[in-house]
J.: 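Let me begin by handing over the structure; questions about it come next.
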Amino acid sequence: MQDIKTKIPDEFKAETSPPQRHKLSRILFKNKRIEDDKQGRGVQCKLSIKELEEKFKELTLLFYTTKVKHKELDQKAMPYVDENVTFTDPWQTDSGIQVFWTQLKGFHSIIFFDFTILSLNVTLNENKQGGRVVVDGWMNLQQFKRIYTYPLRTILVYDFVITGEGKSFKITDLEEIWSFADLIEQIPIVGFFYNLFRWGAGYFFTFIFWLGTLFASLFREL
């Protein structure tokens, strides 16, 4: 049987160049310009995928388990963060290691969270000088742990470049991806009425699209 090889479009290949949203950051942080690491830094990875997976699992649990002390974060996590790192979530985008470190310390100081990892995938660029990590899991807010633990389905996307002798790396970009719909849905009582609203909205939009199809069919063949 002949092997069939599927060519992956360039836009879907792992790259570490800054996303479009960082163009504003380039303007705002002229003295901390976000590096374009699309081509890496001339160092090829000597770590196995398994080693990278284990390290990013460790880093994720350090970043998102807020009982971890600042000293441990500084010693075990921050050495892997690039000077021009960019952090993005649905609320904000910021750049620079000092801003990242300030927010990380604050996050660990006033919010009680842990993170449950469901899956973790590492992809290296073609030149093996960097790559992307996608982590799927749950952020669990435990601010009122005795009453309710608030779960939020979250995807984390890390971009990184290989450094040193090929046995280390720097995180150049970290993005939290989560849905405002999920955020609302998990709120006790509010979530029930929100889902009730969406159920009704489903019928509303079904009617609108049915009516639109009927109207359009009067003027052209569909």
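Since the structure is predicted, the reported quantities are computational estimates derived from the model, not experimental observations.
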J.: Less than 6.0 angstrom separating the ring centers of Phe107 and Phe63, yes or no?
T.: no
J.: Taking atom types as modelled and ignoring hydrogens, do the side chains of Asn121 and Ser119 form a donor-acceptor contact shorter than 3.5 angstrom?
T.: no
J.: Treating Asp89 as the side-chain partner and Trp91 as the backbone partner, does any N or O pair qualify as donor plus acceptor under 3.5 Å?
T.: yes
J.: Checking side chain to side chain contact (heavy atoms under 4.5 Å, CB included) for the pair Met78/Leu104: CA distance, chi angles, key distance, verdict?
T.: CA-CA 10 Å; Met78 292 306 294; Leu104 186 62; 4.0 Å; yes
J.: With distance as the sole test, does Thr66 use its side chain to make a donor-acceptor pair with the main-chain N or O of Phe113 at under 3.5 Å?
T.: yes
J.: With a sphere of 6.0 Å drawn around CD of Glu165, does it hold more than 12 non-hydrogen atoms of other residues, nucleotides or ligands?
T.: no
J.: Is the side chain of Ser48 donor-acceptor paired with the backbone N or O of Glu51 at a distance under 3.5 Å, no angle test?
T.: yes
J.: State plainly whether the residues Lys57 and Glu54 are in salt-bridge range, i.e. N to O under 4.0 Å.
T.: no
J.: Start with the C-alpha gap between Thr116 and Asn140, add the side-chain angles, then the distance that decides, and say whether side chain to side chain contact (heavy atoms under 4.5 Å, CB included) holds.
T.: CA-CA 8 Å; Thr116 302; Asn140 304 300; 3.1 Å; yes
J.: What is the ring orientation for His108 with His70, classed by angle as parallel under 30°, tilted 30 to 60°, or perpendicular over 60°?
T.: perpendicular
J.: Students often mix this up, so state it plainly: with edges at 30° and 60°, are the rings of Tyr80 and Phe169 parallel, tilted or perpendicular?
T.: tilted
J.: Is the number of heavy atoms from other residues, nucleotides or ligands under 6.0 Å of Lys46 NZ greater than 12?
T.: no
J.: Around Leu214, counting heavy atoms of other residues, nucleotides and ligands shown, do more than 12 lie under 6.0 Å from its CG?
T.: yes
J.: Could you check Glu176 against Tyr64 for side chain to side chain donor-acceptor pair (under 3.5 Å), going step by step and ending with a plain yes or no?
T.: CA-CA 11 Å; Glu176 285 179 15; Tyr64 289 93; 2.7 Å; yes
J.: Among Val85, Asn84, Thr86, Asp159, exactly one meets side-chain contact (heavy atoms from CB on, under 4.5 Å) together with Thr172. Which residue is that?
T.: Asp159
J.: Take Asp136 and Arg153, measure what side chain to side chain contact (heavy atoms under 4.5 Å, CB included) needs, and give me the verdict at the end.
T.: CA-CA 8 Å; Asp136 182 12; Arg153 188 66 178 268; 2.9 Å; yes
J.: Walk me through it: do Ile171 and Phe56 pass the test side chain to side chain contact (heavy atoms under 4.5 Å, CB included)?
T.: CA-CA 10 Å; Ile171 296 168; Phe56 274 98; 4.1 Å; yes
J.: Could you check whether Asp74 pairs with Lys69 (Lys NZ or Arg NE/NH1/NH2 to Asp/Glu carboxylate O, under 4.0 Å)?
T.: no
